[in-house]
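Below: the structure, in structure tokens.
Just so it is clear: chains get the letters A, B, ... in the order the sequence lines come, proteins before strands, and each one is counted from 1. Quick caveat: nothing in here was measured; it's all calculated off a predicted structure.
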Amino acid sequence: MFLSLRAEVEDALEGALSTLDFPTDDLGIEEPPEDVASVLASSVAFRLADEAGAPPPQVAGRIADEIDADELTYVAEVQAQGPYLNFLPSDAYLAETLDEATDETYGRLPDRDTSVVVEHTSANPTGPVHVGRARNPIIGDAVANLVDFAGYDVDRHYYVNDAGRQMAVFTWAYETFDEEDLDEPPERDRIEYDLVRYYRKGNAYLENAPEDEVEAAEAEIESIMQGLEAGDDEAYERVSEVVDQVLGGMTECLARLPAEFDEFVKETRFMRSGATDDLVDRLKELDESIYEEDAWQLELEDHGIDKNLVFLRSDGTSLYATRDLAHHEWKFDEYDRAVTVLGEDHKLQAKQVRTTLELLGNETDQLRQVLYSYVNLPEGKMSTRRGTGVDLDDLLDEAIDRAREEVEDRLDDRIRDDELDDDDIERIAHQVGIGAVRYDIVSKQPTKAITFEWERALDFEAQSAPYVQYVHARCCGILEEAGIDPETGMDDVETAVDAELLETEAERDLLETIARFPAVVDEAADDLQPHQIATYTREFANRFNGFYRECPVLADDVDPEVREARLALVAASKHAVANALSILGVAAPRSM
RNA sequence: GGGCGCGUAGCUCAGUCCGGAAAGAGCGUCGGACUUCUAAUCCGACGGUCGUGGGUUCAAAUCCCAUCGUGCCCGCCA
């Protein structure tokens, strides 16, 4: 609805400016500050002051006079306030918003008939997911949800690095050592916690064992890598035994967030299919290709990249980057667009990949990269190989535990009786605990550095998930009290209500905020920035709480018609906040 | 040394791409509001030369230049 209003304002303003013989290239349309009653404004009068030979307020006045608001549907009035033009919303605007928003899918944009693959997480299958990389699945999942909600057909991919040296090391260690060689029991009863011990053991061995033993081990590792390169089934199966098990465990951990995938794409796939070999041949043909120090590389200096991209080692094996190029060409074949969420340490590599894909004749506009910076510990980086770091499972467990304590404490303090049973408490603890962890991460710009601290990560105070979740619970509470089941009975809400009955400022503010939701989705999806949705949920919650304070819905002294209108407003609010939370991947509790 | 991020209240952050209305939240501090549709809420107060210095503009947190601090990267690793 906001988008229609905006289009209408643009048209009207453009018309008025051309009638007055002013240029129309920049309409200066902007969103006014909060304390101004309009929904859209324009500062165009500043720019026109010179040309008009009059001060901005006078110019604004002339433009306002030129627009006949009676001819506009969504604009009730155009006011010149000083140098600014303000467009006030009409009742029709609010009525249509209310009508649209009482639909469950409110905010979802029309299908664009465009497929998008969102690749995220793609952590090496070496062990438990740690918090250092937890931003990736959380941001990645939210980006995928966002793009999906914005009307694209989305597939979620996890690109599995199963051909790198570390997987050969892991395979060798898994085959070489036995349970009794390991120092510690698994930290948790799940397969990746068990197997990571072999990986750590293998790495420690390679660092500390006598030289001749290390050499023998290296020979074995090398033979695994050569086997993979040759597309050898036996090597592939040996590595897969480790990869599939570890990945299975990691998938369970990620599912707790929840972050789920449509497909796990292994990089060995592109070695076995011959795609990597073909790609190497094509790379060799490029003008930028050179053969130096026995290795094939690409000189990208002319394209603003100082570092050469080696694509074939002197021993004839490919590199991660080579396979990733083949992987990207495959994605371009299968999808209209590709989005990759990756850590900022891959930035240079991402640039090389993009440039090289372009040199190979690909349309790289369809590739977008979302970069985030890692979460570090106060004492430094987290590492699976060294076993330093906080496991994501532990963080989630702790968050749930603290949320449970919180629920129980609050239950004791409650003035009202809430009929929360043990299942409710457990459900709320999960929704709030995990929601808080996700929200904390997804609500910030991904490029900001984060240092992990328990207290901060587990802060449930306002401006975090529970604040927004509570608004949803309040909506559900009102609906239930009115005899409507928020999960199944939302169709029972009377939607053909008179929006003019919503006459208080709090009601209109809330409705205007609801009206902006689809526009927020549109812009956030364009920018691939889910944190814009989080910012919106905060504003929304703020507005809703204002309404909740000022406007009783079910009280006895509320006029029945006003009651219906307010109930519709609550239903609309419920949909807006539930959908916004679902984009963020944060649960929307029915009670808390 | 070079490339790319980040720097806004004591703390954690929106706002910066696309310049406009005396800079917005939350936490913390202080003071208020539960016989009311759930107080994980709300209301009020205190708190800022938007890292620093220049420039462009009618207008700069936002654009340009310089500078300082900080993070990441600069492997025939992934």
Side-chain angles (χ1 to χ4, degrees), chain A residues 26 28 30 32-36 41-44 46-47 49-50 55-56 81-84 86 122-124 126 161 163-167 267 292-297 304-308 310-315 317 319-321 324 343-349 351 371 373-374 376 403 406-407 409-410 413-418 420 428 432 440 443-445 447-451 456 459-467 469-471 473-482 527 529 531-532 534-535 538-539 541-542 545-546 548-555 558 566-567 570 591-592:
Chain A
D26 184 353
E30 59 198 59
E34 249 183 67
D35 51 347
V36 174
S42 168
S43 59
V44 72
F46 281 113
R47 231 154 294 128
D50 253 358
Q81 284 171 15
Y84 295 95
N86 280 311
S122 302
N124 295 333
T126 50
N161 306 155
R165 184 187 141 82
Q166 86 277 32
M167 289 322 301
E267 58 175 334
E292 218 173 76
E293 293 174 36
D294 298 332
W296 281 95
Q297 27 197 309
I305 301 171
D306 288 339
K307 197 193 135 207
N308 282 5
V310 177
F311 61 88
L312 203 62
R313 292 190 181 95
S314 45
D315 67 1
T317 56
L319 290 91
Y320 173 84
D324 199 28
E344 63 172 347
D345 54 339
H346 291 251
K347 222 185 284 186
L348 177 60
Q349 162 129 13
K351 201 170 160 190
L371 297 156
S373 63
Y374 284 139
N376 289 328
E406 199 78 17
V407 182
D409 282 357
R410 287 173 199 272
D413 299 343
R414 281 276 164 99
I415 281 167
R416 278 192 42 142
D417 231 0
D418 274 283
L420 292 182
I428 295 166
V432 168
D440 183 54
S443 61
K444 292 169 186 165
Q445 290 185 65
T447 45
K448 298 227 184 199
I450 295 183
T451 301
R456 195 165 286 156
D459 185 2
F460 296 156
E461 291 306 321
Q463 214 168 49
S464 73
Y467 175 69
Q469 290 175 312
Y470 189 60
V471 164
R474 274 182 157 175
C475 290
C476 291
I478 294 172
L479 291 163
E480 262 178 276
E481 193 72 25
D527 298 343
Q529 292 185 340
H531 83 269
Q532 290 182 19
T535 302
R538 271 198 294 270
E539 273 176 46
N542 197 11
N545 286 325
Y548 187 88
R549 185 182 68 246
E550 306 285 340
C551 306
V553 180
L554 306 173
V558 177
R566 286 184 179 169
L567 209 50
V570 172
S591 63
M592 58 187 280

Worksheet item: Expressed in whole Å, how much space separates the P atoms belonging to B:G53 and B:A45?
Response: 31 Å
Practice prompt. Give A:Tyr548 one of three labels, base, sugar-phosphate or nothing, depending on what nucleic acid heavy atoms sit under 4.0 Å from its own.
Written response: base
Worksheet item: If we take the P atom in both B:U8 and B:C18, what is their distance in whole Å?
Response: 23 Å
Discussion item. Once you apply a heavy-atom cut-off of 4.0 Å, does A:Val471 come out as touching a base, just sugar-phosphate, or nothing?
Written reply: nothing
Worksheet item: Mind telling me whether B:C34 is syn or anti, cutoff 90° either side of 0?
Response: syn
Practice prompt. For A:Ile428, report the nucleic acid contact type (base, sugar-phosphate, nothing); a contact means any heavy atom under 4.0 Å.
Written response: base
Worksheet item: What integer number of Å spans the C1' atoms of B:C43 and B:G7?
Response: 33 Å
Fill in: Distance, rounded to the nearest Å, where A:Asn308 contributes CG and B:C76 contributes P
9 Å
Discussion item. Counting only side-chain nitrogens and oxygens, does A:Gln463 get under 4.0 Å of the OP1 or OP2 atom of B:C27?
Written reply: no
Practice prompt. Respond yes when some side-chain nitrogen or oxygen of A:Arg474 is under 4.0 Å from OP1 or OP2 of B:A39, and no when none is.
Written response: yes
Item to complete: Using atom CD of A:Glu34 as one end and atom C1' of B:A22 as the other, report the distance to the nearest whole Å.
Response: 15 Å
Worksheet item: With a 4.0 Å cut-off on heavy atoms, is A:Glu480 in touch with a base, just the backbone sugar-phosphate, or nothing at all?
Response: nothing
Practice prompt. Tell me what A:Ala41 touches on the nucleic acid: a base, only sugar-phosphate, or nothing, going by heavy atoms under 4.0 Å.
Written response: base
Item to complete: Quickly work out the A:Gln297 CD to B:G75 C1' distance and round it to whole Å.
Response: 12 Å
Worksheet item: Given the C1' atoms of B:A61 and B:U16, what is the spacing between them in whole Å?
Response: 7 Å
Item to complete: Look at all strands and tell whether A:His346 reaches a base, only sugar-phosphate, or nothing, counting heavy atoms closer than 4.0 Å.
Response: base
Discussion item. Looking at B:G15, I'd like to know if its phosphate oxygens (OP1 or OP2) sit under 4.0 Å from a side-chain N or O belonging to A:Gln532.
Written reply: no
Discussion item. Between B:U57 and B:C4, how far apart are the two P atoms, rounded to whole Å?
Written reply: 27 Å
Discussion item. Please give the distance between the C1' atoms of B:C27 and B:U67 as a whole number of Å.
Written reply: 33 Å
Discussion item. Any side-chain N or O of A:Tyr374 below 4.0 angstrom from OP1/OP2 of B:C6?
Written reply: no
Item to complete: Determine yes or no for a side-chain-to-main-chain donor-acceptor pair under 3.5 angstrom, with A:Gln297 supplying the side chain and A:Glu292 the backbone.
Response: yes
Worksheet item: At under 4.0 Å between heavy atoms, what does A:Val570 touch on the DNA or RNA strands: base, sugar-phosphate, or nothing?
Response: nothing
Worksheet item: Out of B:A40, B:A78, B:C4, which has the shortest distance to the side chain of A:Val432?
Response: B:A40
Worksheet entry | Whole-Å gap separating P (B:U41) and CZ (A:Arg410) | 7 Å
Discussion item. Distance check, rounded to the nearest 0.5 Å: A:Gln445 atom CD versus A:Thr447 atom OG1?
Written reply: 4.5 Å
Worksheet item: Side-chain donor or acceptor of A:Gln349 under 3.5 Å from a matching atom on the base of B:A78?
Response: yes
Worksheet item: Going by modelled atom types, is there a donor-acceptor pair between the base of B:A78 and the side chain of A:Gln166 at under 3.5 Å?
Response: no
Discussion item. For A:Ala295, is there any backbone N or O sitting under 3.5 Å from a side-chain donor or acceptor partner on A:Ser314?
Written reply: no
Practice prompt. Using a cut-off of 6.0 Å, state whether more than 12 heavy atoms not belonging to A:Asp50 lie near its atom CG.
Written response: no
Discussion item. Distance check, P atoms only: B:G15 and B:A25, in whole angstrom units.
Written reply: 15 Å
Worksheet, complete the sentence: Closest non-hydrogen contact found for A:Leu319 with A:Val310 is CD1-O, 3.6 Å
Practice prompt. Describe the nucleic acid contact of A:Cys475 in one word from base, sugar-phosphate, nothing, applying a heavy-atom distance below 4.0 Å.
Written response: nothing
Worksheet item: Is there side-chain contact between A:Ile478 and A:Tyr548, with at least one heavy-atom pair below 4.5 Å?
Response: yes
Practice prompt. Please work out if A:Ser591 contacts a base, only the sugar-phosphate, or nothing of the nucleic acid, heavy-atom cut-off 4.0 Å.
Written response: base
Discussion item. For Watson-Crick and G-U wobble pairs within 3.5 Å on both distances, what is RNA chain B written in dot-bracket notation, | included for inter-strand pairing?
Written reply: ((((((((.[[[[.)....(...]]]].(((((.......))))).....[[[[[..)....]]]]])))))))....
Discussion item. Check the phosphate of B:C43 against A:Arg549, side-chain N and O only, distance under 4.0 Å to OP1 or OP2. Yes or no?
Written reply: yes
Practice prompt. Indicate, yes or no, whether a donor-acceptor pair under 3.5 Å links the base of B:C72 to the side chain of A:Ser373.
Written response: no
Worksheet item: At under 4.0 Å, does any side-chain N or O of A:Arg165 touch on OP1 or OP2 of B:C76?
Response: no
Practice prompt. Indicate, with a heavy-atom threshold strictly under 4.0 Å, whether A:Val553 touches base, sugar-phosphate, or nothing.
Written response: base
Worksheet item: When rounded to the nearest 0.5 angstrom, what distance separates CD in A:Gln349 from NZ in A:Lys307?
Response: 7.0 Å
Worksheet item: According to a strict under-4.0 Å criterion, is A:Arg313 in side-chain N/O contact with OP1 or OP2 of B:A78?
Response: yes
Discussion item. Tell me whether the side-chain N/O atoms of A:Lys448 come closer than 4.0 Å to OP1 or OP2 in B:G7.
Written reply: yes
Fill in: Side chain A:Asn86 and base B:A21 donor-acceptor under 3.5 Å
yes
Discussion item. Any base atoms under 4.0 Å from A:Leu554, or only sugar-phosphate, or nothing? Heavy atoms, all strands.
Written reply: base
Discussion item. Rounding to an integer number of angstrom, what distance separates B:G54 and B:C68 when you compare their C1' atoms?
Written reply: 15 Å
Practice prompt. Measure the CE-SG distance between A:Met592 and A:Cys476 for me, rounded to the nearest 0.5 Å.
Written response: 11.5 Å
Worksheet item: With respect to the phosphate group of B:A78, does any side-chain polar atom (N or O) of A:Asn124 fall under 4.0 Å of OP1 or OP2?
Response: no
Discussion item. Any side-chain N or O of A:Tyr320 below 4.0 angstrom from OP1/OP2 of B:A78?
Written reply: no
Item to complete: For A:Ile450 and B:C11, give me the distance from atom CD1 to atom P, rounded to whole Å.
Response: 17 Å
Discussion item. What is the distance, to the nearest angstrom, from the CE atom on A:Met592 to the P atom on B:U41?
Written reply: 8 Å
Item to complete: Could you tell me whether the side chain of A:Asn542 and the main chain of A:Arg538 form a donor-acceptor pair under 3.5 Å?
Response: no
Discussion item. Could you tell me if the side chain of A:Val432 sits less than 4.5 Å from the side chain of A:Glu406, heavy atoms only?
Written reply: no
Discussion item. Heavy atoms only, 4.0 Å cut-off, all strands: where does A:Pro32 land among base, sugar-phosphate and nothing?
Written reply: base
Discussion item. If you compare all heavy atoms of A:Arg566 against all heavy atoms of A:Pro552, which two are closest, and at what distance to 0.1 Å?
Written reply: NH1-O, 2.7 Å
